[in-house]
Each structure stands twice: as structure tokens, then as C-alpha cells.
Amino acid sequence: AVVSTQSGHYGRGDPAVRQDMEMMLNSLAPEEGYRYTHTCEGPDDMPAHVKSTMIGSELTIPIHNGKLTLGRWQGLWLCEHRNCAGTRKIVITLSGAPFDKN
């Protein structure tokens with residue numbers, strides 16, 4: 001991720017799992033009830049930094065025969081932890097051996 005308030009994760013694609021994960025992250029890093037010192041960008045900014053740090057902002061995704069190699073129930077979660085974030089960009093870096101079909 002290019003900014004420090006978003007993260008990436010492999011997670012189950014079930015919407016209920018995503019909803020539960022958001023509930024847990026909000027309980028671990030709530031916007032209200034703490035006296036954060038970094039408040040210049042709004043009440044959601046510092047909790048967003050905490051959530052992003054907990055999950056991480058980099059993923060290594062295996063690719064085999066030109067396809068993502070994920071488990072049956074896995075999906076990629078691109079998490080934005082700010083309430084009203086601006087436009088974001090994703091940076092992808094590929095490494096490894098070239099695929100030769102011959």
C-alpha cells in the first residue's frame with residue numbers, strides 16, 4: 001500500500017467474516033474513548049494507523065500457471081481504515097522466474 005492507513009490481508013470471502021473483523025478492529029483501536037496525541041487529520045486517522053500496523057500493508061501472493069494460488073475460501077482484502085479516504089493506488093511488484101508454456 002502507498003499510504004499508512006490501509007492494509008492488505010488474505011481472508012475468507014464471507015461478508016459476515018469481514019463484518020466481524022471490522023467489529024474486532026474497531027474494538028481494538030476505537031475512534032472514541034482514547035486520548036490520541038495524533039489528531040490533526042481527524043478522529044479516524046490514528047485508529048487507522050493502528051489497524052494498518054496490526055494487519056500489515058504488504059502481501060506475497062503465489063501465482064502458479066498464471067493464476068493466483070489461494071485456498072478455496074480465501075480472497076484478498078484491501079482494507080481502508082479511514083472513514084472518508086481519498087483515491088488510493090495499489091503498487092504491484094512481480095518477482096520470480098518467467099513462465100514458459102513450451
Side-chain angles (χ1 to χ4, degrees):
V2 177
V3 297
S4 60
T5 59
Q6 64 188 66
S7 61
H9 176 69
Y10 303 107
R12 189 173 173 121
D14 183 339
V17 173
R18 291 192 306 268
Q19 185 177 12
D20 288 344
M21 185 65 134
E22 184 174 6
M23 175 192 63
M24 290 305 300
L25 287 170
N26 287 336
S27 71
L28 293 170
E31 292 179 21
E32 298 175 3
Y34 283 94
R35 296 180 68 187
Y36 298 109
T37 55
H38 175 71
T39 60
C40 63
E41 295 182 47
D44 67 331
D45 188 53
M46 190 59 219
H49 289 294
V50 173
K51 294 169 189 175
S52 176
T53 300
M54 290 170 58
I55 294 176
S57 61
E58 296 182 18
L59 292 174
T60 299
I61 305 167
I63 299 173
H64 183 72
N65 290 332
K67 295 182 181 180
L68 297 179
T69 306
L70 299 173
R72 178 177 180 173
W73 304 107
Q74 281 184 314
L76 299 178
W77 293 6
L78 301 175
C79 309
E80 173 55 65
H81 303 292
R82 296 291 310 264
N83 294 329
C84 297
T87 302
R88 304 296 194 210
K89 294 181 180 181
I90 297 172
V91 176
I92 298 173
T93 303
L94 300 175
S95 63
F99 179 68
D100 185 8
K101 289 185 178 185
N102 296 329

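Note that the numbering runs from 1 along the sequence shown for the chain.
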Q: With side-chain contact (heavy atoms from CB on, under 4.5 Å) as the test, pick out the partner of His81 among Ile55, Asp44, Val50.
A: Ile55
Q: For Ser57 and Gln6, work out which heavy atoms get closest and say how close.
A: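 Nearest pair, atom of Ser57 first, then Gln6: CB-O, 4.0 Å.
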Q: Should Ile63 and Leu68 count as side-chain neighbours, where that means a heavy-atom distance under 4.5 Å?
A: yes
Q: Do Glu41 and Thr5 make a side-chain contact, defined as non-hydrogen atoms from C-beta onward lying under 4.5 Å apart?
A: no
Q: Please name all residues satisfying ring-ring contact (aromatic ring centres under 6.0 Å, His included) with His38, sequence neighbours left out, ordered by chain then number.
A: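 Applying ring-ring contact (aromatic ring centres under 6.0 Å, His included) to His38 gives His49.
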Q: Taking atom OH as the centre, does Tyr36 end up with more than 12 heavy-atom neighbours from other residues, nucleotides or ligands that are less than 6.0 angstrom away?
A: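 Buried by this count: over 12 neighbours within 6.0 Å.
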Q: If every non-hydrogen atom of Pro47 is compared with every non-hydrogen atom of Ala29, which pair is closest and at what distance?
A: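 Here Pro47 and Ala29 meet closest at CB-O, 3.3 Å.
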Q: Heavy-atom count check: over 12 atoms from other residues, nucleotides or ligands less than 6.0 Å from Gln74 CD?
A: yes
Q: Return the CD1 to CD1 distance between Ile61 and Ile92, rounded to the nearest 0.5 Å.
A: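 Reported value, rounded in 0.5 Å steps: 7.5 Å.
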Q: In Å, rounded to the nearest 0.5 Å, how long is the span from CG of Asn26 to CE of Met21?
A: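 Taking CG in Asn26 and CE in Met21, the distance rounds to 11.5 Å.
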Q: Atom CG of Leu59 and atom CG of Leu78: how far apart are they, to the nearest 0.5 Å?
A: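 If I round to the nearest 0.5 Å, the distance is 7.5 Å.
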Q: Taking salt bridge (Lys or Arg N to Asp or Glu O under 4.0 Å) as the definition, give me every residue that meets it alongside Arg88, ordered by chain and number, with sequence neighbours left out.
A: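 Counting only residues at least two positions away or on another chain, Arg88 forms a salt bridge (Lys or Arg N to Asp or Glu O under 4.0 Å) with Glu80.
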Q: Specify the closest pair of heavy atoms between Arg82 and Ala85, including all atoms of both residues, with the distance to one decimal.
A: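 Where Arg82 meets Ala85 most closely, the heavy atoms are CB-CB, 3.9 Å.
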Q: So which atom in Lys51 and which in Leu25 form the shortest heavy-atom distance, rounded to 0.1 Å?
A: CE-O, 3.6 Å
